[in-house]
Asker: 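One structure is given below, represented as C-alpha cells, and several questions about it will come after.
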There are 2 protein chains.
Amino acid sequence: MICAAAGSAYDCGMSTRIQSISPDSPDTQRADFGRRLHALRRDRGWTLSELSERSGLAVSTISKAERGLMSLTYDRMLQLARGIGVDMSEFFSAEGTSFAKGSFAVAPKGTFQRQETPNYVYEMLFPEIRNKAMVPMMGSLKAHDLVDFEDFVRHPGQEFLLVLEGAVTVFAEGKAPVTLRQGDSLYFDSARGHLYASAGAVDARILVVCTELSTDADGQAVAR
Amino acid sequence: MICAAAGSAYDCGMSTRIQSISPDSPDTQRADFGRRLHALRRDRGWTLSELSERSGLAVSTISKAERGLMSLTYDRMLQLARGIGVDMSEFFSAEGTSFAKGSFAVAPKGTFQRQETPNYVYEMLFPEIRNKAMVPMMGSLKAHDLVDFEDFVRHPGQEFLLVLEGAVTVFAEGKAPVTLRQGDSLYFDSARGHLYASAGAVDARILVVCTELSTDADGQAVAR
DNA sequence: AAATCATTTTTCGTATCGGAAAATTTTCTC
DNA sequence: GAGAAAATTTTCCGATACGAAAAATGATTT
C-alpha cells in the first residue's frame with residue numbers, strides 16, 4: 001500500500017556536529033589502538049596464533065600490540081589489516097570513518113557487499129560508511145522457502161521496506177501476515193518480531209532501510 | 001537478513017569478504033603513505049624542519065618516511081598527525097573508501113523552500129506517522145527539465161536515493177555531476193546542496209529516504 | 001585435584017627504527 | 001654564473017620493534 005500525498009517542502013537547517021577531539025596522552029592512544037585490534041580479532045573468534053598465520057606476524061607481536069606495550073610500524077599494521085581483511089583506516093575509524101559532514105557516496109547497481117543467511121541474501125549498501133543514520137540493504141528472498149517463526153528478528157530502531165520485484169509476505173509478531181506486491185511498502189518498529197518471505201513462485205527483491213544499525217568491519221549489520 | 005545483535009536468534013554467520021585484493025607490494029603501500037604525508041606537508045607550505053618542530057620528529061625521520069624508506073611506528077605517526085593537525089585516518093582514508101570526507105561550511109537558510117518546481121513531484125509515504133526516524137518519499141522527475149542551480153536544496157540529516165526507473169543526474173555542491181541508472185544508489189549528507197534531474201528522455205522514478213525530517217499535518221516534510 | 005591441551009605472556013637476541021650531525025642538493029641573492 | 005642560505009638526503013649509532021622459543025595462565029577431561 002502506498003500512502004501518497006502530493007507536493008513537498010524543504011527547508012534548510014543547521015550544520016552537523018563534528019567529532020570531539022580527545023586530548024589523550026600518546027600512550028592512551030596506543031592502548032586505544034590495541035583495544036581496537038583486539039576487538040577486530042575477537043569479533044572473528046580468532047586466536048592470536050590464527051591471526052598470526054593470516055597476517056604473518058609473530059604471536060608475541062600481536063599480543064604486545066593489543067595491550068599497548070608496543071608501537072607497531074606501518075608495515076606490520078598493514079600486514080594485520082590484510083590478515084584481518086579490513087582497510088587500514090579501520091584501526092582509526094573511531095575518529096574518522098563515521099559519517100562525515102559533507103559525505104557523498106555512490107553505489108552502482110550490483111557492487112554491494114553480499115551477505116548470505118539460510119533464508120535471505122542481502123547486500124549491504126555503502127558498507128564503508130560506518131555510522132550512517134540509515135542502513136539501506138538490498139535483499140533477495142528465495143521462492144518456496146520454509147518459514148521458521150523461531151527466526152523472528154527483533155532489533156532497536158525503525159524499518160522501511162519496499163518491494164522492488166515479486167511479492168513478499170511479511171510475518172510480524174501479533175499481526176496477521178500481510179502480502180505486499182511490487183511497489184508496496186511498509187514502515188514499522190523493528191522491535192516487533194518480524195520475518196519476510198517470498199510470496200510468489202519467483203524470487204522477490206526488496207529494499208530495506210533500517211535505523212539504529214551500524215556496519216561492522218565486514219560490512220555486517222549490527223545493533224548500535 | 002538483518003543481523004541485530006541484541007537478542008536476535010539469528011546468526012549472520014559467514015562473513016563474505018569483499019576486500020579488494022590489492023596486488024601492491026608492502027613497499028608500494030608504504031610509498032603511498034609517504035606520498036600522502038608529503039602532500040599534507042606541502043599543502044601547508046611547510047619544510048621538513050617546520051614539521052619536525054611541530055611534530056617533535058627528527059627531520060631525517062620525516063624525510064625517510066616520505067620517501068618510503070622507512071616504516072614509521074604508530075607512536076610516530078600519531079605525533080605527525082597531531083603536528084599536522086589532522087586525524088590519523090587522513091593517512092589512510094583514500095586507500096579503501098570511495099568516500100571523500102569533505103568538511104563543508106554550509107550557509108543554512110532559515111526555512112524550507114517549497115519545492116513547487118514542475119520538475120519534482122513527490123509522494124510522501126506514511127504521512128500519517130508523524131515522528132518517523134526516516135521519511136521515505138517516492139519521486140518522479142520529468143524529462144527535459146531545466147536545472148537551476150539556485151534551487152540547490154540543503155537540510156539537516158542524511159539522505160538515501162535509489163533509482164527505480166530511468167536515469168537521474170545528481171548535481172551536488174562541490175562535486176561533479178553524477179548520473180545514476182536504474183538500481184544505482186547514493187548516500188550523502190543532506191547539508192551539501194543537492195539537486196536531481198532526469199537524465200534520460202523519459203521520466204525517472206526515484207525513492208528518497210531522509211532523516212531529520214518530520215511530517216506536518218498536511219503530509220509535508222519539514223525540518224525537525 | 002592432576003593431567004593434558006590450548007592460549008596468552010615473557011624473555012632475549014637480532015633486525016630495524018629514529019635522532020644528531022655531516023654531506024649533498026636545491027633555492028635564493030647578487 | 002659564484003657564493004650564501006635553505007632545504008633535503010645520507011651517515012652512523014643508540015633505542016626500540018620484532019620473532020622464536022620458553023614460561024605462565026586458563027580451559028577441559030578424567
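These figures come from a predicted structure and were not determined experimentally.
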Asker: Is a side-chain donor or acceptor of A:S71 paired with a backbone partner of B:D75 at a separation under 3.5 angstrom?
Answerer: yes
Asker: Tell me the interatomic distance from A:M77, atom CE, to D:dC18, atom C1', rounded to whole angstroms.
Answerer: 15 Å
Asker: Look at B:R67 and D:dT9 and indicate whether a side-chain polar atom (N or O) is within less than 4.0 Å of OP1 or OP2.
Answerer: yes
Asker: Would you say A:T61 places a side-chain N or O within less than 4.0 Å of OP1 or OP2 belonging to D:dG19?
Answerer: yes
Asker: Donor-acceptor pair, distance only, cut-off 3.5 Å: does the side chain of A:S52 make one with the backbone of A:L57?
Answerer: yes
Asker: Would you please test B:R76 and B:Q79 for side-chain hydrogen bond (donor to acceptor under 3.5 Å, both in side chains) and show each step?
Answerer: CA-CA 5 Å; B:R76 308 297 159 223; B:Q79 283 182 261; 2.7 Å; yes
Asker: Nearest-Å distance, CG (A:L69) to C1' (D:dT16)?
Answerer: 13 Å
Asker: Could you go through the salt bridge (charged side-chain N to carboxylate O under 4.0 Å, His left out) check for A:R41 and A:E66 one step at a time?
Answerer: CA-CA 10 Å; A:R41 178 170 67 85; A:E66 285 188 354; 2.7 Å; yes
Asker: Considering every strand and a 4.0 Å limit on heavy-atom distances, what is the contact class for A:T73: base, sugar-phosphate, or nothing?
Answerer: sugar-phosphate
Asker: Within the side chain of B:T211, is there an N or O that forms a donor-acceptor pair under 3.5 Å with the backbone of B:G157?
Answerer: no
Asker: Has A:S55 got a side-chain atom pairing as donor or acceptor with A:L51's backbone, closer than 3.5 angstrom?
Answerer: yes
Asker: When you look at CZ of A:R42, are more than 12 heavy atoms from neighbouring residues, nucleotides or ligands closer to it than 6.0 Å?
Answerer: no
Asker: Closest-nucleotide mapping onto DNA chain D: is B:R76 or B:W46 further toward the 5' terminus? I mean the 5' end.
Answerer: B:W46
Asker: Rounded to whole angstroms, how far apart are CG on A:D75 and P on C:dT16?
Answerer: 11 Å
Asker: Roughly how many Å is it from CG in A:L72 to P in D:dG19, rounded to a whole number?
Answerer: 9 Å
Asker: What is the ring orientation for B:F92 with A:Y74, classed by angle as parallel under 30°, tilted 30 to 60°, or perpendicular over 60°?
Answerer: parallel
Asker: Whole angstrom is fine here: how far is it from CG in A:L57 over to P in D:dC18?
Answerer: 8 Å
Asker: For the residue pair B:F160 and B:Y187, does the interplanar ring angle fall in the parallel (under 30°), tilted (30 to 60°) or perpendicular (over 60°) class?
Answerer: tilted
Asker: What is the separation between atom CD1 on A:I62 and atom P on D:dA20, rounded to the nearest whole Å?
Answerer: 12 Å
Asker: Contact class for B:S63 vs. all strands (heavy atom < 4.0 Å): base, sugar-phosphate, or nothing?
Answerer: base
Asker: Can you check the B:L51 CG to C:dG19 C1' distance for me, whole Å?
Answerer: 15 Å
Asker: Quick test: give all pairs of protein nitrogen or oxygen and nucleotides 3-5 of chain D nitrogen or oxygen below 3.5 Å, distance rounded to 0.1 Å.
Answerer:
none

Asker: Please enumerate all protein N or O atoms sitting under 3.5 Å from an N or O of nucleotides 20-24 of chain C, with distances to 0.1 Å.
Answerer:
residue	atom	partner	partner atom	Å
C:dA20	N6	B:S60	OG	3.1

Asker: Please report the distance, rounded to the nearest Å, between CE in B:M70 and P in D:dT16.
Answerer: 13 Å
